[in-house]
2 protein chains.
Amino acid sequence: MKRVSEQEKLLKRKGEGMTNIRDIAKLAGVSVTTVSRVINNHPYVSEEKASAVKAAMKKFNYHRNINAVHLSKGKTHLIGVVVPFSYHPYFGLLIEGIANAALDHNYKLVLIQTNYEETKEMEALRMLEDKQIDALIICSRICAWHVIESYSVYGPIVLCEDSRNNKISSTFIDHYKTFTMALHYLYKKGHQQIGYTIGRQTGTNSSQRDAAYKDFLTSKALSYEPSYIFTNRFDVEDGVNVAEHLLDMKNRPTALLVTSDQVAAGILTGCRENGLAVPDDLAIMSFDNQPISRVMHITTLEIPFVEVGEKLFQQAMNGQEAAHEEVQVRLIERKTV
Amino acid sequence: MKRVSEQEKLLKRKGEGMTNIRDIAKLAGVSVTTVSRVINNHPYVSEEKASAVKAAMKKFNYHRNINAVHLSKGKTHLIGVVVPFSYHPYFGLLIEGIANAALDHNYKLVLIQTNYEETKEMEALRMLEDKQIDALIICSRICAWHVIESYSVYGPIVLCEDSRNNKISSTFIDHYKTFTMALHYLYKKGHQQIGYTIGRQTGTNSSQRDAAYKDFLTSKALSYEPSYIFTNRFDVEDGVNVAEHLLDMKNRPTALLVTSDQVAAGILTGCRENGLAVPDDLAIMSFDNQPISRVMHITTLEIPFVEVGEKLFQQAMNGQEAAHEEVQVRLIERKTV
DNA sequence: GTATGGTATGAAACGCGTTTCAGAGCAAGA
DNA sequence: TCTTGCTCTGAAACGCGTTTCATACCATAC
């Protein structure tokens with residue numbers, strides 16, 4: 001009857017779910033090692049001990065303290081994902097892709113929203129350093145390369161931008177190539193006055209596109225027209241704004257390369273309201289292939305978000321040395337070019 | 001010179017950033033308690049000891065192992081957020097709101113995507129039980145109330161649906177009230193054949209709306225027309241589909257209450273393409289006030305996502321006993337009614 | 001002159017699961 | 001018969017920061 005009183009003491013001392021592995025070991029009359037083996041399905045445990053342990057766990061509603069596991073293992077099964085904001089469909093889609101891959105591998109995501117503030121990105125890097133996350137996926141980088149690299153000793157860091165010149169893994173789209181392809185496509189359709197809209201002006205993606213644009217103009221002996229470039233365009237409303245801006249121009253572009261379907265949807269709406277015919281007065285070619293582009297029949301370059309998310313996750317898992325995965329976009333011809 | 005050799009040994013033994021608090025204590029010639037005090041800015045540390053500790057930390061690039069802190073404190077500064085999918089703007093906005101509130105309080109979010117699978121929601125609850133997260137915010141519930149309640153002993157659980165009948169905190173919109181108000185508004189505008197579109201059919205929000213709809217019909221002595229109700233409508237494309245469906249109906253509704261701007265945008269687009277005039281042939285009133293509704297001039301009921309996110313977070317922080325915060329929507333009259 | 005209270009510091013216990021290592025028992029192979 | 005080698009078990013060390021408690025000193029307060 002000694003055991004019973006032991007149990008009663010325990011029940012009194014501990015609140016709901018507060019038993020630990022040592023208590024269970026005592027209760028089941030085995031060592032903590034054996035309890036640990038049962039928990040982790042290690043094969044070398046006899047039938048009877050295993051069931052004694054299971055009974056004790058059940059009786060006391062035992063749940064291991066995951067933080068002790070994390071400390072002991074040095075892993076958390078958490079992956080940090082850095083995005084500037086989560087509302088924008090582009091990042092929503094990316095997160096969706098990563099989250100689905102993570103789910104399959106029993107990893108969870110920690111969302112780190114930066115609003116494009118460098119300090120927030122640093123916090124994410126520090127989380128990696130502190131072992132709060134096992135790996136970090138940065139969807140939109142702000143910090144300098146050498147800063148990112150200096151943190152990569154603490155765990156895998158994966159980027160979503162062309163990093164072939166750096167020691168950091170990445171899954172990316174070759175925006176130089178893609179932009180060039182798109183520009184030639186528009187040119188072939190008869191456009192010589194082509195402009196583009198973009199989000200941030202900084203960053204690898206943007207400078208690749210800018211380079212492609214300038215090289216294209218040079219190759220076709222077209223002149224560079226600064227007013228054809230619209231920066232800081234992220235959302236539908238920014239798109240409407242572009243359309244309105246267009247109306248006031250004496251020398252309008254005849255085609256626009258738009259880096260987000262959201263912006264394209266806005267431009268299209270704005271054009272319709274103001275009597276600008278698409279594609280006759282203005283051709284629009286955009287990026288992403290989000291649902292809205294399907295609905296509005298916008299010609300777009302499909303980014304395979306699921307694939308990107310999966311590859312980013314895989315790279316984050318593998319870690320070891322820097323890998324670079326290029327992802328291909330696909331042109332989807334609809335009615336705006 | 002003894003100290004130097006000690007240090008050298010340490011440097012050899014430990015890799016980058018692998019020193020722990022005891023090493024630092026030894027190096028600085030103080031106790032671990034004192035080091036801990038320095039780390040946590042406790043006042044009772046003398047100037048000289050503090051600087052000795054700081055010097056040692058710097059020299060060995062010491063960083064505390066956050067998992068040890070978590071284990072010791074029993075808190076992780078992580079809040080779980082359960083959403084069915086992150087792509088949809090509704091959830092994106094909600095996440096954005098919560099994330100911003102969390103940022104201000106130095107909390108991070110763990111995103112748990114369920115795809116409406118109950119097992120995933122259970123996993124989230126288990127994370128709370130395991131102390132992996134300090135609190136849980138469920139944006140779209142699947143599990144039964146008693147299940148949720150049974151887990152609330154492990155930490156605060158907050159819902160984004162009217163839970164005034166339950167012991168769980170919530171920040172919610174009274175969808176019965178709101179739907180009733182909207183229906184009367186449409187009625188006053190001359191509509192007697194009103195339908196609605198909705199996402200999931202299950203859940204508190206949906207049943208509140210359904211009840212409001214049926215009560216409204218009764219109060220106005222209007223007949224219930226099952227074909228006026230469109231379920232499983234989440235996205236723009238679902239909206240286009242509704243519009244196409246409408247064309248085939250002999251007895252069309254003259255107005256539609258749409259539970260998401262995305263769907264409304266799709267309906268509007270579909271109507272335009274098929275020659276259904278909005279609002280003359282079909283009035284559309286929707287929910288959320290997302291950017292797309294501004295751009296497309298959709299009359300909508302604004303949900304203050306920032307406020308909702310903040311309140312959800314606050315409730316998750318306070319925890320103690322169940323609180324219920326109602327949030328008001330605001331009618332924004334534009335051009336689709 | 002003594003009681004009181006803040007400052008400063010460290011030993012030890014605490015939170016808790018994992019893993020290494022050593023050892024015992026037993027069976028198949030040489 | 002002896003050696004391997006697998007099965008099963010547990011003690012102890014490990015990962016590491018926080019917190020409680022006891023102690024000691026010094027300075028006002030009474």
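Numbered from 1 within each chain, the chains take letters A, B, ... in sequence-line order. Keep in mind that what you see is a predicted model, and the values were worked out from it rather than measured. Note: hydrogens, waters and symmetry copies are ignored here, and every other heavy atom, side chains too, is used.
- When rounded to the nearest whole Å, the span between NZ of B:K75 and P of C:dG15 equals 15 Å.
- Look at OH on B:Y44: it is 19 Å from P on D:dT18, rounded to the nearest Å.
- A donor and an acceptor atom never sit less than 3.5 Å apart when one is taken from the side chain of B:R37 and the other from the base of D:dG17.
- B:N40 places its CG atom 11 Å from the P atom of D:dG17, with the value rounded to the nearest Å.
- In terms of phosphate contacts, B:Y62 brings no side-chain nitrogen or oxygen within less than 4.0 Å of OP1 or OP2 of D:dC16.
- Summarising the geometry, the separation between NE2 on A:H70 and P on C:dC16 is reported as 15 Å, rounded to the nearest angstrom.
- Between the C1' atom of D:dT9 and the CD atom of A:E48 lies a distance of 12 Å, rounded to the nearest Å.
- Look at CG on A:N20: it is 12 Å from P on C:dT18, rounded to the nearest Å.
- Ring-plane geometry between A:F313 and A:H105 is classed as tilted, the angle between the planes lying from 30 to 60 degrees on a 0 to 90 degree scale.
- No side-chain heavy atom of B:E118 sits less than 4.5 Å from a side-chain heavy atom of B:E123.
- Within the 4.0 angstrom heavy-atom criterion, only backbone atoms of the sugar-phosphate kind lie near A:T34; the bases stay farther away.
- The B:S31 side chain lies nearest to C:dG10 when the options are D:dG17, D:dG10, C:dG10.
- A salt bridge is absent between A:E121 and A:R141; no separation between the charged side-chain nitrogens and carboxylate oxygens falls under 4.0 Å.
- Between C:dC16, D:dG17, C:dT18, one nucleotide has an atom nearer to the side chain of A:N65 than all others, and that is C:dC16.
- Taking atom NZ of residue A:K26 and atom C1' of nucleotide D:dT9, one finds them 18 Å apart after rounding to whole Å.
- B:F91 and B:H88 have perpendicular rings, their planes meeting at more than 60° on a 0 to 90° scale where under 30° would count as parallel.
- Between B:Y90 and B:F305, the gap from one ring centroid to the other is short of 6.0 Å.
- A residue-by-residue look at A:V30 and B:V69 shows that A:V30 has its nearest nucleotide of DNA chain D further toward the 5' end.
- Rounded to whole angstrom, the span from the NZ atom of A:K49 across to the C1' atom of D:dG10 amounts to 9 Å.
- The residue B:T33 sits close to a base: some heavy atom pair falls under 4.0 Å.
- Set against D:dG10, D:dG17, C:dG10, the side chain of B:I21 has D:dG17 as its closest nucleotide.
- Contact annotation for A:V35: no contact, since no heavy-atom pair falls under 4.0 Å across all strands.
- Of all nucleotides listed (C:dT18, D:dG17, C:dC16), C:dT18 comes nearest to the side chain of A:R64.
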